[in-house]
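It should be emphasised that the depicted structure is a prediction, and the values quoted were computed from it without experimental measurement.
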Protein chains: 2
Amino acid sequence: MSTRAQSEIQRIVERLGSAIAEHRLPPGTRLVEAKLVEVLGANRNHVRAALQKLASEYKVVSIIPNRGACVAQPTVKEARDVFSARIVIERAIVDQAIENLNAKNRHRLLKQLEKENDAIQRGERQEMIRESGNFHRVLAQIAGNDVLDELLAGLITRTSLIIALYQETPNVQCSIEEHQALVDAVLAQDRARATQLMDAHMGNIQRYLLLDERPKEVDLQAALQEGEALG
Amino acid sequence: MSTRAQSEIQRIVERLGSAIAEHRLPPGTRLVEAKLVEVLGANRNHVRAALQKLASEYKVVSIIPNRGACVAQPTVKEARDVFSARIVIERAIVDQAIENLNAKNRHRLLKQLEKENDAIQRGERQEMIRESGNFHRVLAQIAGNDVLDELLAGLITRTSLIIALYQETPNVQCSIEEHQALVDAVLAQDRARATQLMDAHMGNIQRYLLLDERPKEVDLQAALQEGEALG
DNA sequence: CAATCCAAAATTGTTAGCAATTTATCTGTA
DNA sequence: TACAGATAAATTGCTAACAATTTTGGATTG
């Protein structure tokens, strides 16, 4: 596969991936190949390859054979596992980031906080989501472990999709105050406090989700059984 | 893509992946599409898709545009990052596995140890590698987090490739004694000891690798400069 | 003999068109 | 109206042939 094709596929992956992460494509949305070809101005083969990748690698797309792709609807179990895995990785990242602190990194962190605040000031919802995700990526990059960074990137996208699916009130995912407190602890190189704040931060995000036992399907069933007559 | 095609691609991925992990395909080996088609009795499209996946998702294959695929040769930095990430995940898994212990899980662990011992008794090198990897997977499955399990699966394959590349004396990767000690600590539900043993275990594997600063290429250069005359 | 160039072979990359399947629409019947 | 069946439309899945690129091997030349 040529570099050109490869980067074209990557372009589509990122375009679709961020649209899903930023809640422009809600869970369950059908992703028809022909439509994507039209909208993205792309080759059908590239679109298909990108969808395959979003399904098998990032798991934010579901592909049903002969019936096409749609934005995934992760189960409660999967949602729990993603959060729990993410906490594991985020903790390690905070720890390693503190170890790698230097003037340049400190600057990067503060600048990222500014970006987030900016997006909040301007009320740009999608930008807020993107930048609050980027905050975690910046920490990962400061930690300096490319493998952890990549694993986290995938989990952030999945987390975003989970929030879109399970968070009723359209809150933003990360509170800027918590990010601020985290940065304070990291800059002070206070490991214990920083990891504890990260735990609490993840816990708070999870707390606002509807991850109690009942699966989503029950809603539909209940609606059909007790629903008012149509028409 | 049909289920049939999907599982065919998966079959090829696993076939190649395990061949790489079990050191039957050493780093640098060229993977020519036509050859793979012949050997695996597969469709060329499926082979290509599998190679793409092994490259972009598992990172055990490198694809150079217009020049084909070969078994990857991870850099020292990548090797370090993989190990460091793996330690993070393994620690978490040990912790969660202890939490989820029950009669069935205890049995599974002991049975896995038997398999490893068996392979060692019979001196089956590739089976030893496979089963020592499976040991870590069993722990992950006991931990019960599918996301962590999948992340670990990828890291185990990468670790195996790294060992093939950087371990001069062809040792087996995991010592059975260390696995035995780990199981003891897990069964005793001694968190502190278990995580510490896992750390040590990973550390020992890493210790036998040649991950000092000089890159691999230097070997070739040196050989060419100081080599004896041919013929 | 080394270096350069050219043609042939090997290998990977791309595409269009058709096949197969699913979904939607229409029609007739009770 | 409700339902079943048939037909058409939409959509995905597959392949074979062709295009592009790189590698190989040898011929030519200084």
Begin with the C-alpha distance, continue with both residues' side-chain angles, and end with the deciding distance and a verdict on side-chain hydrogen bond (donor to acceptor under 3.5 Å, both in side chains) for B:E14 and B:Q10. CA-CA 6 Å; B:E14 278 162 21; B:Q10 197 51 35; 3.3 Å; yes
Step by step, work out the side-chain hydrogen bond (donor to acceptor under 3.5 Å, both in side chains) result for B:N204 and B:R207. CA-CA 5 Å; B:N204 282 336; B:R207 211 180 315 287; 3.1 Å; yes
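Look at CG on B:N66: it is 5 Å from C1' on D:dT21, rounded to the nearest Å. Atom pair B:E8:CD and D:dC14:C1' shows a separation of 14 Å (rounding to whole Å applied). Distance B:E33 CD to D:dT22 P: 15 Å, rounded to the nearest Å. Look at CD on A:E38: it is 14 Å from C1' on D:dT11, rounded to the nearest Å. Atoms CD1 (B:I63) and P (C:dT11) sit 16 Å apart, rounded to a whole Å. One atom, CD of B:Q6, and another, P of D:dG13, lie 9 Å apart when rounded to the nearest Å. If you take CG of B:L51 and P of C:dT11, they are 14 Å apart, rounded to a whole angstrom.
B:I87 and B:Q206 make their closest contact through CD1-OE1, 4.4 Å (heavy atoms, listed as atom of the first residue, atom of the second, distance).
Taken to the nearest 0.5 Å, the NE2 atom of A:H46 stands 12.5 Å off from the CZ atom of A:R48.
For the OP1/OP2 pair of D:dT15 and a distance below 4.0 Å, the side-chain nitrogens and oxygens of B:R44 include no atom meeting the criterion. Look at A:R67 and you won't find any side-chain N or O under 4.0 angstrom from OP1 or OP2 of D:dT11. Close to D:dT12, at under 4.0 Å from its OP1 or OP2, lies no side-chain N or O of A:R48.
Using a 4.0 Å heavy-atom distance criterion, B:N43 is classed as a sugar-phosphate-only contact.
Minimum atom distance to the side chain of A:R30 is reached by D:dT12, of the listed C:dT14, C:dT11, D:dT12.
Between B:K35 and B:N45, the residue whose closest nucleotide on DNA chain C is further toward the 5' end is B:K35.
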